[in-house]
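Taking it in order: structure first as structure tokens, then the write-up.
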Number of protein chains: 2
Amino acid sequence: MSDIAKQAGVSRQAVYLHFNSRAELLIAATHHLDDINGSPERLIASRIATTGTERLATYITAWSGYLPDIYGMAKAFLAMQDSDEAVAMAWRARMQDMKEGCAAAINALAHDRRLSPHYTPDQATDILWTMLSVRNWEQLTVDCDWSHDQYTAAMIQMARDMFVIDGA
Amino acid sequence: MSDIAKQAGVSRQAVYLHFNSRAELLIAATHHLDDINGSPERLIASRIATTGTERLATYITAWSGYLPDIYGMAKAFLAMQDSDEAVAMAWRARMQDMKEGCAAAINALAHDRRLSPHYTPDQATDILWTMLSVRNWEQLTVDCDWSHDQYTAAMIQMARDMFVIDGA
DNA sequence: TATTTACTTAACACAGTGTCAATTGACAGG
DNA sequence: CCTGTCAATTGACACTGTGTTAAGTAAATA
């Protein structure tokens with residue numbers, strides 16, 4: 001809070017005149033970030049793809065483009081969610097939205113009868129959702145030093161290998 | 001620290017007579033936990049498997065049996081690693097060991113010429129390592145409410161789908 | 001001119017980690 | 001029995017960080 005106040009050029013206490021708590025400030029900051037770069041809409045764009053396979057790829061591509069933009073905020077959310085219930089809830093809601101995108105892509109695939117029989121649509125959604133988590137992106141790009149393109153390509157390849165069976 | 005002292009039936013200050021800091025106590029606790037249930041050795045057992053495919057499956061099974069035992073400690077490590085460099089290092093070292101196990105399984109697969117051409121052994125290792133992370137286990141078992149067996153089966157299936165190609 | 005608004009400084013409460021000094025009780029050896 | 005040592009005790013303190021409160025100020029607004 002001190003650092004933020006310093007950056008903003010106001011006193012530490014003045015921050016509390018605008019936001020009641022650190023958690024509230026963090027949540028307001030995400031809303032602001034969403035406003036200035038219209039982020040969540042980008043993920044919906046993938047829904048225009050017609051086949052399930054395409055949809056899976058476009059969704060992964062969209063997510064992978066979106067991730068670097070929200071990574072800073074995400075890290076703050078992840079760090080605070082253990083100590084603040086409101087932050088945890090806001091983060092869960094956001095990740096739940098993202099899961100819906102996964103579910104939509106998997107369901108499109110199932111509708112095309114191209115979903116692997118090894119998984120139910122729910123299981124496939126859970127796996128895809130987990131695979132695309134911010135932590136995993138962080139691990140691959142930061143710890144394993146993957147480039148953005150490597151990440152995107154590998155996630156698409158992986159989703160294909162696991163979930164898509166050849167058309168009859 | 002207060003809670004731990006209370007549980008141990010000593011004063012809060014007495015804990016500092018044995019461990020210089022919260023981080024040191026946490027690290028000592030893991031060593032103790034390893035001693036009493038000989039945990040890391042379990043992961044090495046998978047190395048007796050002969051073929052790469054078998055090795056992949058036994059390693060995943062071993063890791064999946066090991067995970068619930070260390071989950072409590074792991075959570076403490078993950079929560080502290082942002083604020084304490086010593087904790088972060090200890091955790092990284094441990095995860096690096098686990099990564100070696102992944103690499104061994106992937107390399108055995110590559111040796112058998114059964115590794116998918118979509119990935120280099122390093123890439124496959126990174127992906128497997130990421131896929132088997134504690135966070136992912138937590139997400140699937142806690143958030144998605146998967147059973148232990150479901151988790152194990154899905155991870156094995158996933159590794160097969162992604163990494164193993166049919167023998168010639 | 002009077003009021004409102006946004007902000008200031010300065011102080012405080014509270015929780016948590018880590019430190020320090022003085023004290024106590026038990027136990028072992030001479 | 002006395003003495004030294006060891007482990008633990010109580011009680012105090014320093015420091016960081018969040019959040020609150022009170023009193024005051026400077027500029028815009030009515």
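Labels below follow one simple rule: chain letters A, B, ... track the order of the sequence lines, proteins then strands, and each chain is numbered from 1.
- Straight-line distance from the OH atom of Y16(A) to the P atom of dG17(D): 12 Å, rounded to whole Å.
- Neither OP1 nor OP2 of dA8(D) sits under 4.0 Å from any side-chain N or O of S11(B).
- With hydrogens and angles ignored, a donor-acceptor pair under 3.5 angstrom links the side chain of Q13(B) to the base of dG11(D).
- Residues D3(B) and Q7(B) have side chains that never bring a donor and an acceptor to within less than 3.5 angstrom of each other.
- We find the CD-SG distance between Q150(A) and C144(A) to be 10.0 Å, quoted to the nearest 0.5 Å.
- The CG atom of L26(B) sits 15 Å away from the C1' atom of dT17(C) (whole-angstrom rounding).
- Among the nucleotides dT8(C), dG19(D), dA8(D), the one closest to the side chain of M1(A) is dG19(D).
- Among all heavy-atom pairs drawn from E24(A) and F19(A), the shortest one is OE2-CA, 3.8 Å.
- Within the model, atoms CG of L132(B) and CE of M95(B) stand 10.5 Å from one another, a figure rounded to the nearest 0.5 Å.
- In this structure, CD of E24(B) is placed 15 Å from P of dT17(C), rounded to the nearest angstrom.
- Side-chain N/O atoms of H18(B) include none lying less than 4.0 angstrom from OP1 or OP2 on dA7(D).
- Between the CD1 atom of I4(A) and the C1' atom of dG19(D) there is a distance of 14 Å, rounded to whole Å.
- When rounded to the nearest whole Å, the span between CZ of R12(B) and P of dC20(C) equals 14 Å.
- A straight line from CG of L17(A) to P of dT20(D) spans 11 Å, rounded to a whole angstrom.
- In this structure, K6(B) atom NZ and dA15(C) atom C1' are separated by 13 Å, rounded to whole Å.
- Rounded to an integer number of Å, the gap from R22(A) CZ to dT18(D) P is 5 Å.
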